[in-house]
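What follows is a set of notes on a single structure, which appears directly below.
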Amino acid sequence: MEEKKNTAENSVEKKSKNFIYEIIDEDLKNNKWGGKEICTRFPPEPNGYLHIGHAKSICLNYGIARDYKGKFNLRFDDTNPEKEEQEYVDSIIEDVRWLGADFRNKILYASDYFEQMYRWAVELIKKGKAYVCDLSADEIRATRGTLTEPGKESPYRNRSVEENLDLFERMRKGEFANGTKTLRAKIDMASPNFNLRDPIMYRIVQAEHHRQGNKWCIFPTYDWAHGNEDSIEGITHSICTLEFENHRPLYDWFLDELGVYHPQQIEFARLNLSYTVMSKRKLLQLVKENYVDGWDDPRMPTVCGYRRRGYTPEAIRNFAEIIGVAKRDALSDISLIEFAIRDDLNKRTQRAMAVLKPLKIVITNYEGEEELEAVNNPEDATAGTRKVQFTKELYIEQSDFMENPPKGYHRLVPGGEVRLRYAYIIKCEEVIKNDKDEVVELHCTYDPDTRSGTGTSTKKVKGTIHWVSAKHAIDAEVRLYDRLFTVENPGAEENWLEKINPNSLEIIENAKVEPFLKNAKPLDKYQFERNGYFCVDTKYTTNEKLVFNRTVTLKDSWAQK
RNA sequence: UGCCGGGUCGUCUAAUGGCAGGACAGCGGCCUUUGGAGCCGUAUGUGGAGGUUCGAAUCCUCCCCCGGCAGCCA
């Protein structure tokens with residue numbers, strides 16, 4: 001089999017390279033990997049659903065493999081049976097695939113390497129570099145030292161190799177209770193880096209593993225397992241987030257002591273997005289305590305939440321490009337991802353007219369019915385046109401009429417004129433109110449010379465509003481979303497749950513939409529003109545009821561004033 | 001307090017001793033049958049103090065600020 005060579009000539013062309021690409025270019029130039037292909041990986045623990053921060057990591061890792069014509073692995077870091085579940089494995093696979101990261105349909109598991117890691121642990125014991133420790137969790141904590149003081153050596157630190165071998169084997173056999181023994185690396189209890197103060201390699205956990213069942217009762221810790229996993233898979237660049245920076249010396253120590261293939265770990269700053277939280281623990285709490293409607297609630301920053309909300313993989317990938325990759329802590333503004341989805345949806349979505357909060361109008365001088373032509377997508381000529389039915393009785397948006405408008409209001413006012421999109425210019429002749437003084441209906445007249453596209457009138461009006469025919473429109477439920485939290489960085493708040501936005505979801509039960517939308521399928525995306533981008537909901541849409549989620553509003557330079 | 005890492009427009013991110021640039025957000029204008037989109041224009045930034053240099057965001061010194069680390073989580 002021919003080996004794929006990776007050399008400096010393979011250095012990728014990119015407008016602006018992040019520091020990781022710079023490192024890889026340099027590695028290639030120096031032939032650091034001896035021609036081996038670049039290999040990256042995404043190593044999630046299956047203990048929750050993926051969020052947009054994971055998406056950033058996936059785009060980074062997969063992007064590198066793609067750009068350098070290397071390999072990208074999807075590997076589950078399933079070393080803690082107490083927190084991991086098959087449900088999470090399944091959702092993660094679906095999300096990674098949806099994002100478009102190609103893992104060649106090979107799903108890897110750290111748990112498949114347990115036997116190899118066990119043998120390596122035995123090797124370290126034989127070298128006198130690891131020992132079985134009988135200290136309890138509390139005792140280990142108490143002897144670890146503090147930021148300014150060294151730790152104390154375990155009384156079990158100098159057991160003989162034979163005794164350690166025997167004890168470790170019996171740990172594996174299940175002879176000892178949870179927490180009664182650990183295998184520790186023998187490094188340096190006085191190291192200023194806590195990770196080197198005789199870190200734990202194995203702990204006893206009598207729990208069923210989602211894939212291994214009860215085969216194992218000792219499980220490798222992250223510190224021991226992670227570098228080994230990368231080594232086994234021949235990863236060249238082990239990219240992870242900043243909090244693992246202090247672990248790198250340990251990861252290096254293990255691999256060097258073992259004398260095995262040694263990947264390079266590079267750390268980057270995790271994504272933080274304004275007005276939301278990103279920690280798995282917090283997201284889990286929002287779900288478990290029903291603050292949201294599941295992991296895929298459209299307000300959640302999860303990948304499945306964005307999907308249900310109407311985001312596209314393209315937009316998420318582009319967002320990852322926009323925010324870039326660096327080492328400084330950052331809080332990216334929500335407007336960055338909103339730009340990405342608007343930019344994508346603007347080019348691809350079919351337009352439709354939908355009246356969210358209907359106000360009935362009667363065109364008193366119009367009789368009969370006609371079909372008018374509407375453009376499906378002004379950004380895409382190939383999208384063609386469609387017919388919309390025009391009749392005497394229409395619905396317009398309540399907000400498109402004001403009795404006492406502020407300065408600069410371009411829409412309908414008493415005695416004023418406005419254009420109905422793709423139809424005629426109308427004039428408001430009479431305002432009908434109920435006994436509570438609320439506007440319930442408008443009587444208007446239309447100007448027959450002003451039909452869209454005829455050019456028979458030179459009349460100009462400032463505003464154009466959308467509408468639907470009362471007789472033809474169909475009902476739909478529309479869900480409007482706002483940011484989940486009221487503060488920019490809720491994760492930094494002590495009582496972050498109190499910062500949940502009470503108005504993050506508004507349900508409109510009876511919006512009126514164009515009849516062609518009756519065939520819309522879950523996840524179909526539209527622009528409702530002047531209202532924003534909407535997507536058919538996957539959870540509440542039934543044969544009888546259409547439910548639309550608002551993905552994002554249109555930019556609105558009037559609403560801001 | 002010990003160790004590690006980091007500070008560039010409001011936000012994100014470039015500039016690797018040689019004009020501080022881009023994107024988003026903002027503002028102004030043009031255009032427009034979506035107050036959308038598009039187009040044009042515009043303001044705003046190198047944490048501080050010294051030093052090296054013809055020249056410093058970049059190199060050196062000191063200071064300040066922010067983040068991470070004392071799980072048998074990852």
Side-chain angles (χ1 to χ4, degrees), chain A residues 15-19 22 43-45 47 77 79-80 82-83 133 135-137 140-142 144-151 178-184 191-197 199-205 218-219 221-223 225-226 240-249 267 269 271 274 280-281 321-340 342-343 346-347 351 353 375 378-379 408-411 418-423 425 450 452-453 460-466 488 527-532 553-561:
Chain A
K15 340 83 228 170
S16 178
K17 292 182 182 182
N18 63 51
F19 77 100
E22 302 282 357
E45 185 192 13
N47 67 342
D77 202 358
T79 57
N80 185 353
E82 292 179 315
K83 291 187 177 175
C133 182
L135 257 25
S136 69
I140 286 180
R141 190 178 314 118
R144 191 154 18 226
T146 67
L147 292 177
T148 50
E149 301 157 39
N178 279 356
T180 55
K181 281 183 167 51
T182 57
L183 183 73
R184 292 227 257 168
S191 172
N193 183 341
F194 275 86
N195 298 120
L196 299 178
R197 317 244 265 223
I200 288 162
M201 296 165 63
Y202 280 92
R203 72 280 210 192
I204 300 170
V205 183
I218 56 172
F219 289 88
T221 56
Y222 171 87
D223 280 328
H226 204 81
C240 62
T241 45
L242 254 24
E243 69 269 29
F244 295 107
E245 211 153 18
N246 293 338
H247 295 240
R248 178 156 31 96
E267 309 84 13
L271 169 68
S274 62
K280 274 196 195 176
R281 205 201 97 242
E321 267 324 300
I322 289 170
I323 56 173
V325 177
K327 290 197 76 161
R328 57 176 159 268
D329 292 310
L331 178 59
S332 295
D333 198 280
I334 195 93
S335 67
L336 264 9
I337 197 169
E338 289 182 348
F339 167 78
R342 282 195 191 103
D343 192 44
N346 175 49
K347 292 173 196 135
R351 311 290 130 124
M353 293 198 282
V375 173
E379 304 294 318
Y409 186 78
H410 289 175
R411 287 106 97 154
V418 76
R419 173 172 291 281
L420 294 178
R421 179 79 158 150
Y422 298 122
I425 290 175
T450 58
S452 235
K460 286 263 187 266
V461 287
K462 282 233 188 69
T464 298
I465 64 175
H466 60 276
E488 213 179 25
Q527 184 199 97
F528 289 169
E529 293 209 28
R530 301 207 309 132
N531 270 321
T553 60
L554 256 25
K555 265 181 73 176
D556 187 344
S557 52
W558 167 248
Q560 282 167 353
K561 291 183 196 291

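A note on names: the letters A, B, ... follow the listed sequences, proteins ahead of strands, and every chain is numbered from 1.
Taking atom P on both B:rA15 and B:rA57, the two are 15 Å apart, rounded to the nearest angstrom. The same atom, C1', is picked in B:rU34 and in B:rG67; the two are 45 Å apart, to the nearest Å. Atom name P, nucleotides B:rU16 and B:rA56: the rounded distance is 15 Å, in whole Å. Distance noted for atom C1' between B:rA43 and B:rC31: 24 Å (whole Å). The gap from the P atom of B:rG50 to that of B:rU46 amounts to 16 Å, rounded to the nearest Å. The C1' atoms of B:rG10 and B:rU61 are separated by 33 Å, rounded to the nearest whole Å. For the C1' atoms, the distance linking B:rC59 with B:rU53 amounts to 10 Å, nearest Å. Here, B:rC27 and B:rU44 have their C1' atoms 11 Å apart, quoted to the whole Å.
Considering only side-chain N and O atoms, A:Ser557 lies under 4.0 angstrom from the phosphate OP1 or OP2 of B:rG36. The side chain of A:Arg248 places no N or O atom within less than 4.0 Å of a non-bridging phosphate oxygen (OP1 or OP2) of B:rC4. Checking the phosphate oxygens (OP1, OP2) of B:rU32, no side-chain nitrogen or oxygen of A:Thr464 falls inside 4.0 Å. In terms of phosphate contacts, A:Arg203 brings a side-chain nitrogen or oxygen within less than 4.0 Å of OP1 or OP2 of B:rA74. For the pair A:Arg281 and B:rG71, the criterion of a side-chain N or O lying under 4.0 Å from OP1 or OP2 is not met. Of the side-chain N and O atoms in A:Arg328, one or more sit less than 4.0 angstrom from OP1 or OP2 of B:rG7.
Taking only distance into account, the side chain of A:Glu379 meets the base of B:rG36 through a donor-acceptor pair shorter than 3.5 Å.
Counting only distance, with no hydrogens or angles, the side chain of A:Thr464 and the backbone of A:Arg419 share no donor-acceptor pair below 3.5 Å.
Remark: B:rG21 base-pairs with B:rU13; criterion is Watson-Crick or G-U wobble with both hydrogen-bond distances under 3.5 Å. Under the Watson-Crick or G-U wobble criterion, with both distances below 3.5 Å, B:rA37 is left unpaired in every strand shown.
If you check B:rU34, B:rA74, B:rG35 against the side chain of A:Phe244, the one that comes closest is B:rA74. Nearest nucleotide to the A:Glu243 side chain, out of B:rC24, B:rG36, B:rG68: B:rG68. Side chain of A:Ser335, nearest nucleotide from B:rA15, B:rA25, B:rC12: B:rA25. Closest to the side chain of A:Asn246, out of B:rU11, B:rA74, B:rC4, is B:rC4. For A:Glu529, the listed nucleotide lying nearest its side chain is B:rU34; candidates were B:rC73, B:rA74, B:rU34. Side-chain proximity of A:Asn80 to the nucleotides B:rA25, B:rC12, B:rA74 is greatest for B:rA74. Side-chain atoms of A:Arg530 lie closest to B:rG35 of the nucleotides B:rG71, B:rG35, B:rG36. For A:Arg144, counting side-chain heavy atoms from C-beta on, the closest listed nucleotide (B:rC72, B:rC12, B:rA74) is B:rC72. Nearest to the side-chain atoms of A:His410 among the listed nucleotides B:rA37, B:rG35, B:rC72 stands B:rG35.
Between A:Glu45 and A:Lys83, no side-chain nitrogen of the basic residue sits less than 4.0 Å from a carboxylate oxygen of the acidic one, so the salt-bridge criterion is not met.
Under the 3.5 Å distance criterion, with hydrogens and angles disregarded, no donor-acceptor pair is assigned to the side chains of A:Asp223 and A:Thr221.
Residue-nucleotide stacking is not present for A:His226 and B:rA74, judged by a side-chain ring centre under 5.5 Å from the six-membered base ring centre and planes under 30° apart. For B:rA70, the base is not stacked against the aromatic ring of A:Phe194, per a cut-off of 5.5 Å between centres and 30° between planes.
Comparing A:Phe528 and A:Ala326 against RNA chain B, the residue whose closest nucleotide sits nearer the 5' end is A:Ala326.
Across the protein-nucleic acid pair, A:Trp558 atom CH2 and B:rG26 atom C1' stand 18 Å apart, rounded to whole Å. In this structure, A:Ile140 atom CD1 and B:rC72 atom C1' are separated by 7 Å, rounded to whole Å.
With a 6.0 Å cutoff to the six-membered ring centre and a 45° limit on the axis angle, A:Arg342 does not count as a cation-pi contact of A:Phe339.
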